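As the structure is a prediction and not an experimental result, all values here were calculated from the model. Convention: sequence-line order gives letters A, B, ...; per-chain numbering from 1.
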Number of protein chains: 2
Amino acid sequence: MANSSSGESVIHRFVKIVSAFDDTHRSLTVADLARRTDLPPRTTYRLVNDLLLEGLLQRERGGQVRIGNRLWELASRSSPMSGLREAALPFMEDVQSVVQHHTTLGILDGNDVLYIERLVSDSSAVNITRLAGRLPIHGTSSGLVLVAFSPASVQEQLLSRPLTRYTDFTITDPAELRRHLAEIRQRGFAVMAGIIVPESSGIAVPVFGPDNAVVAALSVVVPRQEENVPARVQVLMTAARGISRALGWKGKLQGAVRRSQGG
Amino acid sequence: MANSSSGESVIHRFVKIVSAFDDTHRSLTVADLARRTDLPPRTTYRLVNDLLLEGLLQRERGGQVRIGNRLWELASRSSPMSGLREAALPFMEDVQSVVQHHTTLGILDGNDVLYIERLVSDSSAVNITRLAGRLPIHGTSSGLVLVAFSPASVQEQLLSRPLTRYTDFTITDPAELRRHLAEIRQRGFAVMAGIIVPESSGIAVPVFGPDNAVVAALSVVVPRQEENVPARVQVLMTAARGISRALGWKGKLQGAVRRSQGG
């Protein structure tokens, strides 16, 4: 609807405008915005005006604009992720206080893991996850756990794509990755050492929703060679069960905890 | 730009659509959306389509739509609030583990306090704050602290508006509120008992940014008659200084801690 002569919807332009802001560009002038979005200055000016009117952008003292509180509010209040994040946060704090390393909560979104919460440990492993940041599925323990416990079609989708090699340890061969996913599913957790940055290992377990479908991955990022896997898997699994209960889950978690004690 | 015959911008309609979702309506059909937004069905259908294309809405199995992960991601990644929230979270955990009651972080937005983070305690006081929820400024200790430490114009704006009485303890008289704000500013914290719900008290302190301007209010919500104000104010002030330091603040905090020891 309301497409321009180029066929681009106003909504598409809105996404372009909002995407022009990032960690290092939190305030921009309208001219900056036109340049970064490749939209005509006049179009940019009008759209920014509409966005200011609705509070989706806010004007700063210097005349620059930034993302408005209202956008965050609209997105957060009714997002299905807010419930998940809120259920998980107390258990993530427990994990972090016991494990003393970065603790993350990720969901599957397209070809990526989207991190919807992360608790950062000051003096800890290199951690490249960001809040609301994305990492490739096959580059993270969270991604592999999410796929291992998803329907087969999700796994086939991952295995049919060309996969980037980030380090010597990234698994890019489909046959090897398939074996790996089967093992993760059987053991109930993933441990991946140095698959995206050489210094860090990820340990991740699935979080199940009320209908026993995987809804998130709970993980810790620890320095390599200090994985201490058995203890940490038990901590993560305990917390993951707590999150599931908080989400309304009442059934059995595929016997995952029992199995892992043998691993 | 791209206004309809009614003069309503696409952005305004987008806000209407997204606002139609809430805690009890996380999934809606397009027909529901048309009804709840009062937009023509055809317009709603087209706009929903554009939003689905950009991932701002997502289709569920039953054909209903919900807020898309992409909207939350766009809003969170570059919002100025994300930095504040991330700096504050570890200190909020400290407060909650010591005080054992709900801990909130609020900012001033229009006539409201917008809660950008909250840690919930299971067996604690009645707490009507919600994440990404709003409460009226004069109904919360956070709101009064935020106004007390804001420029005089913000205070005048509050005092010039008619103020709703929520309980017998809500202060609605401008002269009395002005005295109260002066006292909060002088003591460095606010304690408000039962001003919005009779069962709970709020204790709040200001959080200052690098330029010594107030950027947020840190508060705990406790049962009435169990305020234990002196100890809790000290805990909150300690945490608030930590947040300020994490935000890059290097100066002096208006001697607030010293003053409060006398209160």
Q: Could you check which of A:Ile116, A:Leu56, A:Thr24 has the highest count of heavy-atom pairs closer than 4.5 Å to chain B?
A: A:Ile116
Q: Let me know if A:Leu114 has heavy atoms under 4.5 Å from chain B in its side chain, its backbone, both or neither.
A: side chain
Q: To the nearest 0.5 Å, how far apart are CD1 in B:Ile11 and CG in A:Leu57?
A: 9.0 Å
Q: Could you give the distance from CG (B:Leu74) to CG (A:Asp22), rounded to the nearest 0.5 Å?
A: 12.0 Å
Q: When rounded to the nearest 0.5 angstrom, what distance separates OG in B:Ser97 from CD in A:Glu93?
A: 9.0 Å
Q: Residues two or more places apart in sequence or in another chain: which of them pass side chain to side chain contact (heavy atoms under 4.5 Å, CB included) with B:Ala217?
A: B:Ser142, B:Val145, B:Leu146
Q: How long is the span from the OG atom in B:Ser19 to the CZ atom in A:Arg70, to the nearest 0.5 Å?
A: 5.0 Å
Q: Sub-4.5 Å heavy-atom contacts with chain B: which residues of residues 58-66 of chain A show up?
A: A:Gln58, A:Arg66
Q: Which bit of A:Arg85 comes within less than 4.5 Å of chain B, counting heavy atoms only: side chain, backbone, both or neither?
A: side chain
Q: Can you tell me how far CG of A:Leu71 sits from CG of B:Leu71, rounded to the nearest 0.5 angstrom?
A: 6.0 Å
Q: Please report the closest heavy-atom contact between B:Ala75 and A:Ile67, naming both atoms and the distance.
A: O-CG2, 4.3 Å
Q: Within this structure, what is the CG-NE2 distance for the pair A:Leu53 and B:His12, rounded to the nearest 0.5 Å?
A: 10.0 Å
Q: Checking side chain to side chain contact (heavy atoms under 4.5 Å, CB included) for the pair A:Leu89/B:Arg118: CA distance, chi angles, key distance, verdict?
A: CA-CA 10 Å; A:Leu89 193 52; B:Arg118 110 190 146 139; over 6 Å; no
Q: For a quick test of reading the model, state the closest non-hydrogen atom pair linking A:Tyr115 to B:Trp72 and the distance between them.
A: O-CH2, 3.8 Å
Q: Please give me the minimum heavy-atom distance between B:Asn69 and A:Leu108, naming the atom from each residue.
A: ND2-O, 4.5 Å
